[in-house]
There are 2 protein chains.
Amino acid sequence: MRSEAPTIQDVARAAGVSTATVSRALSAPNRVSERTRHIVLEAVAETGYVANEMARNLRQQKSNSICVIAPDLSNPFFSFIISGIEQISGPMGYGVFVTESGLSQNDKTRIVNLMAAARVDGFIVLDGMLDHSLLKARGRSGQRAPIIAACEWKAGSITPSVIVDNVGGAVEAVKHFAALGHTNIGHITGPDGNILTETRIQGFKKGIEASGLEYRDEFILEGGFSLESGYEAAEKWLRMADRPTAMFCASDREAFGFISRLSKDGVRVPHDVSVIGFDDIEVSGYFVPALTTISQPRVEIGRVAATKLFDLIKNDGESNVVEQTSQLDVTLVVRESTAPPPSS
Amino acid sequence: MRSEAPTIQDVARAAGVSTATVSRALSAPNRVSERTRHIVLEAVAETGYVANEMARNLRQQKSNSICVIAPDLSNPFFSFIISGIEQISGPMGYGVFVTESGLSQNDKTRIVNLMAAARVDGFIVLDGMLDHSLLKARGRSGQRAPIIAACEWKAGSITPSVIVDNVGGAVEAVKHFAALGHTNIGHITGPDGNILTETRIQGFKKGIEASGLEYRDEFILEGGFSLESGYEAAEKWLRMADRPTAMFCASDREAFGFISRLSKDGVRVPHDVSVIGFDDIEVSGYFVPALTTISQPRVEIGRVAATKLFDLIKNDGESNVVEQTSQLDVTLVVRESTAPPPSS
DNA sequence: TTAAGGCATGTAATCGTTTACAAATGATTT
DNA sequence: AAATCATTTGTAAACGATTACATGCCTTAA
């Protein structure tokens, strides 16, 4: 019963070679003769040796892990992205740290320290509201750990990022309504100050114009992506004298909240009002009615972000291989929450 | 423009003391005189020193991070638990790794290596289907890294775990149906072989008995927790000659799939059939109809699991402070998917 | 035949901390 | 006044890998 874990020394002793040779046999097999490689591999198997990551990390000055900063880990939207990130990172031998970027000062200094303490080799930020200053903090050795922004990002940022075609998605949505014959189209926005909110509003307006319709400011209802905010928007909608017959929601959850509230007053979707969401979360296809929505490739966002980050890490933060920002396409998926307007 | 990050040497030099003193001033302030502590702290501020985690980890033989193994990171159910774990871990200075325990052999060896390579100090396993052998693998220094199982776990396991009262929840659900006057109550199960599936079936039977009803095997429909499986179960239900007037679903998503399919055939919930779910995921309160369900404290599960794990880590895996397994309570939340049976 | 160069290997420095041990100082007890 | 002890600090040895450099050997070319 061995009480201590085998080190590279033990392997070297068992194989009758130096530790340098063992290290080379494992990490640069073509730098040793075939014979010794064989001997070493046998000694490794015999001793059950696995290299100690911590020692390796210290020597190589890299931690083989990255960190994902999400505003809220419990949000299913982010969890799909994280899944995508892990799918790329795991096989590459990188660990994925997750942290919540809540609002407490505590959280923030923790993130800064993460960087300064050389604990992670790079970041993927899912929180567009995160302090810019926070991310400009330099890490050890003067260099900043590479950062990729995914999904949300404040305008004017120079951080490489992966986004989806929010404008195009919103345009698609409006055009779909218009094609069905709607002329009074409204929009429930995302939270104030969010870049996604802005781009989707922008796309909404563009779609209205492209369809030759009149943009009406009073048809814009403020939301916040959440179920609750959609619910509240519905109450405003119910009080409107002149109601839009179609509502484009900035998120699926908003759409659910909206429909949920409406159904309590007996307003039927799509019979009385048509609804389109944004995201295509899992439950959307099973809602009653099944939700017509703009589908985002969430897992893919994570995969692309991770791929970009590793490229940056490999090239010491100076990649010209990857373009600054990748834009992924969204698609309109038509289900049952949209129909021609009620004939008045 | 400093190109290198300050090390403890730099601080020592600036403060005119030894590195040992700097280290002590930072990690054991009461071991140095107040005067030197002051000087050191000033030097730290001046140089912008932050201790290198990798060096610290190597020396102390601990990585200050834990690993969460989930079957599927994109599943919202797990993401709430992970959020809870992070809420505890972050402030304690621990990083949280997440990994997917897919089915490939690759994934598995990766997890074993994670342990052997001393990369993490402990595990929280959310996957009850994970190979037992995998987790028995010893880490460095002969000791196994502590493991906490959360939610799902194979019967007979000796691993400390945190679970919820699945049996009690199912009993509650059935009793609620019975109280409304239902006598023909059915159940859509979880996936085969899953411990949660079994305990909920067990609770279902217990509830039937406790309500003085007759247990009917043909009222048990096989499901798999997913939306799709609920959808398919509905098709079976529709084909039944003698239909239950109330269905207890092993998950909320199953319930959504079930209701969704039914609504396509004009079967109305709760008018024609009552439905209860299990989990109380976010959207449940906004479904149409709002879903009556058994609410699980998902974030709390994560927090408790993390707390237990850190206790184990601190006490070198030999804790007698925490009991082996903690059981958390669930609560029935009544919404709009349940009503008295249709008067025939 | 000799110089040059490539290959396989070993020696030892290095990464940046923490900490066991030793030493020095000052306070307290006998 | 000597012995004891606590307090503060420094010296140097870990932790366990990787890797720069040195060495010796063998091949090849002039």
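Quick note on labels: first sequence line is chain A, next is B, and so on, each numbered from 1. Note that the structure is a prediction, hence the values are computed from the model and not measured.
- A side-chain N or O of B/S83 and one of A/E100 form a donor-acceptor pair less than 3.5 Å apart.
- Taking atom CZ of residue B/R37 and atom P of nucleotide D/dT9, one finds them 10 Å apart after rounding to whole Å.
- Side-chain atoms of B/T19 and B/Q9 form no donor-acceptor pair, as typed in the model, at a separation below 3.5 Å.
- Applying the 4.0 Å criterion to OP1 and OP2 of C/dT18, one finds that B/Q61 has every side-chain N and O outside that range.
- Mapping A/Q60 and B/R59 onto DNA chain C via the closest heavy atom, the residue that lands nearer the 5' end is A/Q60.
- Distance, A/E34 CD to C/dA8 C1': 14 Å, rounded to whole Å.
- In this model, the phosphate group of D/dT9 is not approached by any side-chain N or O of B/S18 to a distance below 4.0 Å at OP1 or OP2.
- Listed pair B/S23 / C/dT18 meets the phosphate criterion, a side-chain N or O lying under 4.0 Å from OP1 or OP2.
- Spacing between atom CG of B/N30 and atom P of D/dT7 amounts to 10 Å, rounded to whole angstrom units.
- For D/dT18, neither phosphate oxygen OP1 nor OP2 lies less than 4.0 angstrom from any side-chain nitrogen or oxygen of A/T19.
- At a threshold of 4.5 Å between non-hydrogen side-chain atoms, the residues A/V164 and A/Q327 do not count as touching.
- Atom CZ of A/R35 is separated from atom P of C/dA8 by 12 Å (rounded to the nearest Å).
- Between A/H38 atom NE2 and C/dA8 atom P the separation is 17 Å, expressed in whole Å.
- OP1 and OP2 of C/dG16 both lie 4.0 Å or more from every side-chain N or O belonging to B/Y49.
- A side-chain donor-acceptor contact under 3.5 Å links B/N57 and B/N64.
- Residue B/A55 has its side chain nearest to C/dG16 when only D/dG10, D/dA20, C/dG16 are considered.
- For the pair B/Q9 CD and C/dG16 P, the computed distance is 9 Å after rounding to whole Å.
- When each of A/R31 and B/V17 is assigned the nucleotide of DNA chain D bearing its nearest heavy atom, the one mapping closer to the 5' terminus is B/V17.
- Among the heavy atoms of the strands lying under 4.0 Å from A/T36 are primed sugar atoms or P, OP1, OP2 only; no base atom is included.
- Rounded to whole Å, atom C1' of C/dC15 lies 9 Å from atom CG of B/L58.
- Between the side chains of B/D121 and B/S63, at least one donor-acceptor pair of N or O atoms lies under 3.5 Å.
- Rounded to whole Å, the distance from CG on A/N64 to C1' on D/dG16 is 15 Å.
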